[in-house]
Amino acid sequence: MYKIVKKEELAANIYLMDVEAPRVAKSGHPGQFVIVKMDEKGERIPLTICDYDREAGTVTIVFQAVGASTKMMAELNVGDSFRDFVGPLGRSSELVETDVEELKKKSILFIAGGVGTAPVYPQVKWMKEHGVDVDCIIGARNKDLIILEDAMKKVAANVYVTTDDGSYGFHGNVNDCLKDLIQNKGKKYDQIVAIGPVIMMKFVCILTKELGIPTIVSMNPIMVDGTGMCGACRLTVGGEVKFACVDGPEFNGHLVNFDEAMKRQQMYKTEEGRAQLRESEGATHHGGCGHCSDEE
Ligand code: NAD
Ligand code: FES
């Protein structure tokens, strides 16, 4: 059992929890995810690691209470426990695997959209701990939905907050803010990491392709069970079939077929859509776990 030792509501329906999971805390890296399960029959929920404290043996997760399972998760309190807390899973962020001296030569910008701010935080924190100065844009629909602003300010060289309705910070979406930084504030970036809703990552990549700035994205939002078995997170990257939970979750955003991923995400929601996908994708429907049948 994995005990919840801290719970905080960061914004309406967005919760942070610190969970006692010493093994995950010891070996987790930015970019990786965990699968949590509330009880034996509960849904498996993949969540990107938001932070970890190796000494205290705790892992921080942030989630939005949107579906039945995450709404039940939001009802858990300090002292309650998860039955399963499996991880770290997936590959570490590409940047934390890069030579630190190379990173120091680059001008790096993180773009965090809404709840996607949570997985951006450990990467920016890692950069700070390794002496790499990076900038960060945090975008949300309005002031009340901005999360982790103070924490991010402690680890990023510059934090630019932007809201779609202009209720706080810059007025516009993350792309408007990026254009403003480049066109009006004289900023130049060699590398961008964009994490947020799939639609945001799609439009950030269209812009950064035009600007010629390499961009990494996290395809965590299309994952369902996070095990390589359900086939939900299949996507095409540079013409090749990949699985977000096995090969990612991070990919070169300029090579991701976002339209296909979003269409597939919609189809995956219905039994009929899943049956169609299984039929059309055949042996490549799953992530290559090697022990799944056509049953789900
Ligand atoms: P949201 O819809 O409120 O969007 C957040 C911000 O993204 C907006 O304020 C805007 O600045 C930007 N954005 C959205 N659409 C855009 C577009 N078309 N063009 C340019 N910018 C755009 O986000 P939310 O409701 O807080 O986030 C929920 C989503 O985040 C879920 O889909 C969830 O799966 C996803 N998420 C992603 C990750 C990840 O690893 N990529 C992690 C956690 C959550
Ligand atoms: Fe199920 Fe990747 S989330 S195969």
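Counting starts at 1 for both ligands and their atoms, following the listed order. Residue numbers count from 1 along this sequence. Below, all heavy atoms of this structure are taken into account, side chains as well, without hydrogens, waters or symmetry copies. As the structure is a computational prediction, the values presented were derived from the model and not from experiment.
Across the listed options Ala11, Ala244, Gly114, Gly114 owns the non-hydrogen atom lying nearest to atom 5 (C) of ligand 1.
Interface atoms of ligand 2 facing Gly231, defined by a heavy-atom separation under 4.0 Å, are 1 (Fe), 4 (S). Of all atoms in ligand 2, listed by their number and element, those nearer than 4.0 Å to a heavy atom of Val224 are 3 (S). Applying the 4.0 Å criterion to heavy atoms of Ala140 picks out, from ligand 1, the atoms 9 (O). Every atom of ligand 1 with a heavy atom of Ile199 under 4.0 Å away is listed here by number and element: 15 (N), 18 (N). Set against the non-hydrogen atoms of Cys230, the atoms of ligand 2 under 4.0 Å away are 1 (Fe), 3 (S), 4 (S). Below 4.0 Å from some heavy atom of Met229 lie the following atoms of ligand 2, by number and element: 4 (S).
Looking at heavy atoms from C-beta onward, Ile138 lies out of side-chain contact with Tyr160 at the 4.5 angstrom threshold. By the 4.5 Å heavy-atom criterion applied to side chains, Ile14 and Val115 are counted as neighbours. In this structure, the side chains of Met229 and Asp225 come closer than 4.5 Å at one or more pairs of heavy atoms. Contact annotation: the side chain of Arg234 approaches that of Arg264 to within less than 4.5 Å [non-hydrogen atoms, C-beta and beyond]. At a threshold of 4.5 Å between non-hydrogen side-chain atoms, the residues Met201 and Met219 count as touching. Residues Tyr121 and Gln123 form no side-chain contact, since every pair of their non-hydrogen atoms from C-beta on lies 4.5 Å or further apart.
Using cut-offs of 30° and 60° on the angle between ring planes, the pair His130 and Trp126 is parallel.
Considering both main-chain and side-chain atoms, Asp164 comes within under 3.5 Å of ligand 1 through a nitrogen or oxygen pair. In terms of N/O distances under 3.5 Å, ligand 1 is not approached by Pro119. Where the criterion is an N or O separation shorter than 3.5 Å, residue side chain and backbone included, Gly116 fails it with respect to ligand 1. Residue Ser218 has at least one nitrogen or oxygen atom sitting less than 3.5 Å from a nitrogen or oxygen atom of ligand 1, judged on distance alone. At a 3.5 angstrom cut-off on N or O pairs, Gly172 does not count as close to ligand 1.
Closest to atom 18 (N) of ligand 1 among all protein heavy atoms lies Phe203 CD1, 3.4 Å. For atom 39 (C) of ligand 1, the closest heavy atom belonging to the protein is Ile195 CG2, 3.2 Å. Of all protein heavy atoms, the one lying nearest to atom 33 (C) of ligand 1 is Pro221 CB, 4.3 Å. Scanning the protein for heavy atoms near atom 3 (O) of ligand 1, the closest one is Arg141 NE, 2.6 Å. If you check which protein heavy atom lies closest to atom 11 (O) of ligand 1, you get Val174 N, 3.1 Å. Of all protein heavy atoms, the one lying nearest to atom 6 (C) of ligand 1 is Gly139 O, 3.8 Å. Atom 23 (O) of ligand 1 has its closest protein heavy atom at Pro197 CG, 3.3 Å. Remark: minimum distance from atom 14 (C) of ligand 1 to any protein heavy atom is reached at Met200 CB, 3.8 Å.
Taking the centre and axis of the six-membered ring of Tyr168, the NZ or CZ atom of Lys143 falls inside the cone set by 45° and 6.0 Å.
Side-chain contact, Asp135 with Asn158: a donor N or O sits under 3.5 Å from an acceptor N or O. Neither side chain, Asp53 nor Thr58, offers a donor N or O lying under 3.5 Å from an acceptor on the other. Thr163 and His171 are not linked by any side-chain donor-acceptor pair at a separation below 3.5 angstrom, with hydrogens and angles left out of the test.
Judged by distance alone, the side chain of Gln32 and the main-chain N or O of His29 form a donor-acceptor pair under 3.5 Å. At distances below 3.5 Å, at least one donor-acceptor pair connects side-chain atoms of Asp39 with backbone N or O atoms of Lys41.
Residue Met201 places a heavy atom under 4.0 Å from ligand 1. Within the 4.0 Å heavy-atom cutoff, Ala244 does not count among the residues contacting ligand 2. For Gln64, the closest heavy-atom approach to ligand 1 falls below 4.0 Å.
Listed by chain and number, the residues in a salt bridge (Lys or Arg N to Asp or Glu O under 4.0 Å) with Lys26 amount to none (sequence neighbours excluded).
In this structure, atom 31 (C) of ligand 1 has no protein heavy-atom contact shorter than 4.0 Å.
Minimum interatomic distance between Gly226 and Leu89 (heavy atoms only, all atoms of both residues): O-CD1, 4.4 Å.
The atom of Asp225 nearest to atom 1 (Fe) of ligand 2 is OD1, with the search restricted to N, O or S atoms.
Rounded to 10°, the angle formed at atom 2 (Fe) of ligand 2 by Cys245 SG and Cys233 SG is 100°.
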